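Below, chains carry the letters A, B, ... as their sequence lines are ordered, and counting in each starts from 1. Being a predicted model, the structure only gives us computed values, none of them experimental.
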8 protein chains.
Amino acid sequence: ARRGYPEAVLCQGKSVAQLVEITRAWRERAARQDLGPVLFTRVSPEQAEVVLAELPDAHHDETSSLIAWPAEPPRPTGGRVVVVCAGTADLRVAREATLTARYLGREVTEVVDVGVAGLDRILSKRDVLRSADVVVAVAGMDAALVPVVAGLVACPVVAVPTSVGYGVAFEGVSALLSMLNSCSPGVGVVNIDNGYGAGHLAAQIAAPKDKPHA
Amino acid sequence: ARRGYPEAVLCQGKSVAQLVEITRAWRERAARQDLGPVLFTRVSPEQAEVVLAELPDAHHDETSSLIAWPAEPPRPTGGRVVVVCAGTADLRVAREATLTARYLGREVTEVVDVGVAGLDRILSKRDVLRSADVVVAVAGMDAALVPVVAGLVACPVVAVPTSVGYGVAFEGVSALLSMLNSCSPGVGVVNIDNGYGAGHLAAQIAAPKDKPHA
Amino acid sequence: ARRGYPEAVLCQGKSVAQLVEITRAWRERAARQDLGPVLFTRVSPEQAEVVLAELPDAHHDETSSLIAWPAEPPRPTGGRVVVVCAGTADLRVAREATLTARYLGREVTEVVDVGVAGLDRILSKRDVLRSADVVVAVAGMDAALVPVVAGLVACPVVAVPTSVGYGVAFEGVSALLSMLNSCSPGVGVVNIDNGYGAGHLAAQIAAPKDKPHA
Amino acid sequence: ARRGYPEAVLCQGKSVAQLVEITRAWRERAARQDLGPVLFTRVSPEQAEVVLAELPDAHHDETSSLIAWPAEPPRPTGGRVVVVCAGTADLRVAREATLTARYLGREVTEVVDVGVAGLDRILSKRDVLRSADVVVAVAGMDAALVPVVAGLVACPVVAVPTSVGYGVAFEGVSALLSMLNSCSPGVGVVNIDNGYGAGHLAAQIAAPKDKPHA
Amino acid sequence: ARRGYPEAVLCQGKSVAQLVEITRAWRERAARQDLGPVLFTRVSPEQAEVVLAELPDAHHDETSSLIAWPAEPPRPTGGRVVVVCAGTADLRVAREATLTARYLGREVTEVVDVGVAGLDRILSKRDVLRSADVVVAVAGMDAALVPVVAGLVACPVVAVPTSVGYGVAFEGVSALLSMLNSCSPGVGVVNIDNGYGAGHLAAQIAAPKDKPHA
Amino acid sequence: ARRGYPEAVLCQGKSVAQLVEITRAWRERAARQDLGPVLFTRVSPEQAEVVLAELPDAHHDETSSLIAWPAEPPRPTGGRVVVVCAGTADLRVAREATLTARYLGREVTEVVDVGVAGLDRILSKRDVLRSADVVVAVAGMDAALVPVVAGLVACPVVAVPTSVGYGVAFEGVSALLSMLNSCSPGVGVVNIDNGYGAGHLAAQIAAPKDKPHA
Amino acid sequence: ARRGYPEAVLCQGKSVAQLVEITRAWRERAARQDLGPVLFTRVSPEQAEVVLAELPDAHHDETSSLIAWPAEPPRPTGGRVVVVCAGTADLRVAREATLTARYLGREVTEVVDVGVAGLDRILSKRDVLRSADVVVAVAGMDAALVPVVAGLVACPVVAVPTSVGYGVAFEGVSALLSMLNSCSPGVGVVNIDNGYGAGHLAAQIAAPKDKPHA
Amino acid sequence: ARRGYPEAVLCQGKSVAQLVEITRAWRERAARQDLGPVLFTRVSPEQAEVVLAELPDAHHDETSSLIAWPAEPPRPTGGRVVVVCAGTADLRVAREATLTARYLGREVTEVVDVGVAGLDRILSKRDVLRSADVVVAVAGMDAALVPVVAGLVACPVVAVPTSVGYGVAFEGVSALLSMLNSCSPGVGVVNIDNGYGAGHLAAQIAAPKDKPHA
Ligand SMILES: Nc1ncnc2c1ncn2[C@@H]1O[C@H](COP(=O)(O)O)[C@@H](O)[C@H]1O
Ligand SMILES: Nc1ncnc2c1ncn2[C@@H]1O[C@H](COP(=O)(O)O)[C@@H](O)[C@H]1O
Ligand SMILES: Nc1ncnc2c1ncn2[C@@H]1O[C@H](COP(=O)(O)O)[C@@H](O)[C@H]1O
Ligand SMILES: Nc1ncnc2c1ncn2[C@@H]1O[C@H](COP(=O)(O)O)[C@@H](O)[C@H]1O
Ligand SMILES: [Mg+2]
Ligand SMILES: [Mg+2]
Ligand SMILES: [Mg+2]
Ligand SMILES: [Mg+2]
Ligand SMILES: [Mg+2]
Ligand SMILES: [Mg+2]
Ligand SMILES: [Mg+2]
Ligand SMILES: [Mg+2]
């Protein structure tokens, strides 16, 4: 976690035993002081079970494999985050971004299925895009979404390549390169499938200006 | 060259002596029978000099480093080719496609500087795009042009990645991957900077149907 | 899908629930207006079951993991597509191209098992190749098929690399590079294993000229 | 350029003739309406000469190969940008970020030579880092600077890999991967050596909240 | 194994039958002469069973998938090895290094969970780091640990990239490049996940000087 | 050099001073005993000058940048080597193979300009190919030559990828992969542009059987 | 298969139904004329069952996943093949080479477990190596075996990289590069894990000179 | 530089003006306190001139492009470093390692031209290798030197890949992979061409045991 922001536990690569220990320790610390929300990301079904056994009132979102505790996100402050996503296969990553930003205290709107092969779909969303203080754009094979979106708005764009696709999609590398390489300035890119990182960065960009975390 | 189509000589990698020999042999054969146009592609300035010394009435296009002989292209038959190109730095490749298709007997229209960072530019060209029987789309950093164009037309699109750009442009590899990976069907891709191949393929696609290979 | 062409649903990466929803929505829209054929590509056996439960009279081709609805392809118009394929392991991709072009309204002939290690096999097919208005060439380890075929015909060639092979086959990357890199002009390449894209492009190239985009 | 922001001309890959034409066209349009500053980036010495011949009162920064016209940046509004840079060889990229943000209207502070091999150097800059609304971190071989900086501040960090280094530096690819891969959230990455893009994104992040460009 | 050092058997890639044969042969040779400890590395659960059936008094460490026989490490001589590791997911590799160095006769201290995203964690370990004669630093996504540690100590550092992470972690390649590329001299790198090789090298570096190779 | 075979000096990467020393040492040793021919490969013009100053009666082939001393190759023994080469740009590598095999004592025939884009060219050479005891096939962009040739002969084929080409030719990597990946067995591949290695291997394969290694 | 040599069926990638059909067709043709041995390579256990059901008297070697029919190899003619292999994990590939060469009619000797980490092992095999007319060298992590072997013999060496190893072994790519890159001439390389291709090439190299292709 | 060790200035990438400033600052600080030797590495001829103008009594080694000041290395303490190098083209890197270790206070012996293609050369150096406390092994195309050397000694080996070679040498990447991948434990690898880093690490490994720099 980052100075002043809620904690996150990356569950991938951790054993069930390690996770039980971490969850318990958190619950005990939280009983003594207000720690704010904790997020468990990339939770396998088996891991979810043990986390939920320790924190039964947590919120478990299966689309994004994320658990949040407490279940209720904080009341939103700061600016507005809009998360756009090219295809339904990209939704698990987009949702991770959405939930992360929401549990970090931002208002978030999700716009799905707006790939550029049918330009009208994204053009019809111009208004919601322009209401954003920061846009998170999530795409795999349809990475051209990023420069198109960035050309439509004046606020910062956080781009998330996904591992969706086959052949030269190369598990997201092709999307990553497209996004880094694009001609529209104002785009910052995160790791492939890193919805958590994108949501976190977007929440920081749209943080209320009275310097909340310094 | 391909069965029934005019010949082309790839000059890159050939010595001046080899080129003189090839050019002379061609001129002599052409004196005896009608061979149609010959194209010299990727001609260095030094090579251009010796080719023009042998074929003084040839046409030399410096933007695309191409020499055509005879200088006059054939009267156009078949369908219409539209060549679109993202940035001015991509022009040398786009022009090679344009001239190749023209010397192979097609009518060709060129549309330049229509990168997607400003969507309005490409959207304002909808009409000329839709008049095409085949579109050649040329881009480097702005490879998102390809799915956007392919979404606007119903005819085949020949995509040409260029080596324009820096950093993760990787000499055109990033653009190539974007183009192969895009979500709009109806796109065939050629090698990086291969304007000649794109023009040739476009000319074949738009060939007159009754006399398909001339 | 592309302007004026039938729709396709890429099933890979979609959940069963999402697929049921998409299939139902399609059936309901099709009950109200003539939408033409719809293709479901890269259907897993589990996905096939739910699609066929919604559309029991659809055609399911197991070799290519493709479902088409309605089962009957349209009466062919336009030119002739010939699909050639190097080895039997490449057949699943070749068949996807064949069926796509057929459901988009073209007459398609399939030629299998003509790798160049035995040149006589492909040379014996010269006649059918030369009857084509466009050839789709599908190969993995035997990517040399593409320049050999392109040297035999005057029409456009759509090349499809497959992920067949081991070691430096690199899941189709090696075949892709061979195809992009070859010396025969008139070749457009699509993504690895993208039989759908190849069939779509071939159908567009061979579309009837007077009504080009239907 | 991006909606509402000043224009930039990427000079690399443009011919001198093209640049003269672009510069003149700009000057003429600017004579008729207030266009705000224009930046010419990656200007070669030869290109600088012709741009300065057209716009003699422009500012030419040789470290970053950037020309700005008019020479005077706008009065700063919005938040504060801090640009940190690992080594002196990274300065040309850091300076491009600094000047871009400054000409887009932000107050910018530069901190140089704070590689992590000597941790004390960066730790001694904690105060200036924590005064930032956004940090731009520029590094080549010393890409570990990014997670270290991101761990010290709560605001967003824009990371710029540089092509400085040898061997497995791979012209900046190694730094790029480090930055995308790091464990500190809140980092958005731009293309290798893209100081312009980083400065632009930072200026947008630190823009005054009364929605200046929408 | 290396001249004068105990033997190790890399079990990955060996069949159960081959492993039984190797284990028996070793036990028989060891009955006739003092061979010192033998290590079985990368033992799958199934392989562990057959090795332990032959050598029932061996030590099996499940975290690192290592079996040592005899179970008791030699009495430590030479200098001190400190093994530091960024995250709990890296522990299986770090532990392999720890046990290898210990069974080769060195005193080893393990320091876990000291990633640089929270600099205080590693800074608080300065004393134990400075007590080392050689440090082994193990990290995946958090490879910036290596230059930070190398900047804090004067002794040699053996760096081990791990395959922990996702996206551009590229199974450890990204960490490997960071480590090779870093600006702190005094670092030698081993293969991804090669805890055994790191522990072996560290044991050699810290070997007693008068009897250097035993 | 290899046991029993003449010596070769790879000049690339050596300073002029080092080369003078090596050449003199050789000449002096050769004055005392019969050492057989020596080859200097990849000789730059500047290097050629100093080698020829020391060995004025050497043979310098400029096409392949090779110097042989003494100038006269040995009388041929053993089988027959046929070197085929796709394009004239590949000739410098093919010639290096030819001369190496010739100076190692084999009879060599060269066949040039037989790329597969025009199959008739290679098919018309069937007889000379079938007279070979080993074929060396040299190609860059036209690497499909290798499986085609291997399908026509029964003897071993030594394949040499060249760095000729642009774009995804990737300095010969694409040709290398094609050659390793091809479906015709009986092919052994050497490093990109390694005409020397190919000629050496071919000479060994075609060595006289009774006195195999001389 | 290659002109004049027995046939091989690469089973990987073929369905059980396709394999049954191929096997039956072969058996029927073989009943009518002498076809010589047929090899089925890369046979999965499930595939082996159906092949053996059709050809019950075939030889099935499980180490190399190869089936040969008829079971008895031909009486050896021509020269001697020596297959050397670095580690026991490489044996499955080495054995495929051994059996291929043996069923193509050569005498083959196998030498296993001679990695260069203990140089004495390979040096102790000098005599058998020097009795070879061609050596096949098989190695994964221990690819240094190839230049060491090539330095010890005067006959051709066929090098086979294997996918054995972890981390930067990169599934055999690292071994492949080592082998192509080595300084000992006289080495021809085949695809990763391609024991079949290596055995085939070795059999051709050692073919009897008077009747070269049988 | 590292805590307690002399300083080094990497000159590559620094402007002449920056270097003058750094050199002067050093000279002035050194006039006030004993700073020990300073090394300028990767000095271009133009840079060397300005450094030597400031420090006329410095030692300039042209083979390795290194300048040391003061010219006299310290009296050697600690163990013995042996630097071995495969070919003469690798000498510039080997020499950088030699001089770095020497100016950091170690006794260093250099062994050149011991590639494994002729095993006898390296075997004849067994005694000097076994006298070492640490070996630095430097190789490009002949990276097999590293496992061979590591198999001959019991002390640590620092491996330095060089960018020497062509084709798949890939500017040293192939050598790097060989070295990381080798089967002999006890090897630590540094960046391609990083003789400085190797010499520094070797000096630390062979440092006198009374904890000089902690
Ligand atoms: N899904 C995720 N992707 C990337 N980083 C994450 C993710 N979830 C958590 N993190 C980061 O990883 C840190 C936790 O790592 P750990 O201590 O290994 O659980 C958090 O503080 C975050 O900075
Ligand atoms: N140094 C730079 N790096 C990346 N993109 C740039 C750079 N400078 C300008 N650009 C972008 O490129 C566009 C101009 O491209 P062009 O029309 O080719 O001059 C600008 O509007 C910016 O979005
Ligand atoms: N293990 C193998 N690796 C590479 N190529 C093989 C292998 N086994 C057979 N082949 C080749 O593949 C051809 C048969 O391919 P197919 O027609 O697909 O069965 C044979 O004639 C051989 O040339
Ligand atoms: N040739 C070299 N290769 C790699 N790192 C070096 C080299 N020379 C110096 N260095 C490192 O780079 C640091 C100096 O970098 P700088 O401050 O940019 O001069 C030194 O302290 C060394 O750690
Ligand atoms: Mg997508
Ligand atoms: Mg472009
Ligand atoms: Mg195939
Ligand atoms: Mg740096
Ligand atoms: Mg880690
Ligand atoms: Mg060629
Ligand atoms: Mg091995
Ligand atoms: Mg070398």
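The shortest non-hydrogen separation linking B:Leu201 to C:Gly186 is CD1-O, 3.4 Å. The two residues C:Gln204 and B:Cys155 make their nearest non-hydrogen contact at NE2-O, 3.9 Å.
Neither the backbone nor the side chain of C:Leu177 comes within less than 4.5 Å of any heavy atom of chain B. In this structure, no portion of C:Val158 lies under 4.5 Å from any heavy atom of chain B.
Across C:Asn191, C:Val189, C:Asn194, the residue that shares the most heavy-atom pairs under 4.5 angstrom with chain B is C:Val189.
In this structure the side chain of C:Leu180 never reaches within 4.5 angstrom of the side chain of B:Ile192, judged on heavy atoms.
More than 12 heavy atoms of other shown residues, nucleotides or ligands fall within 6.0 angstrom of atom CD in B:Gln12.
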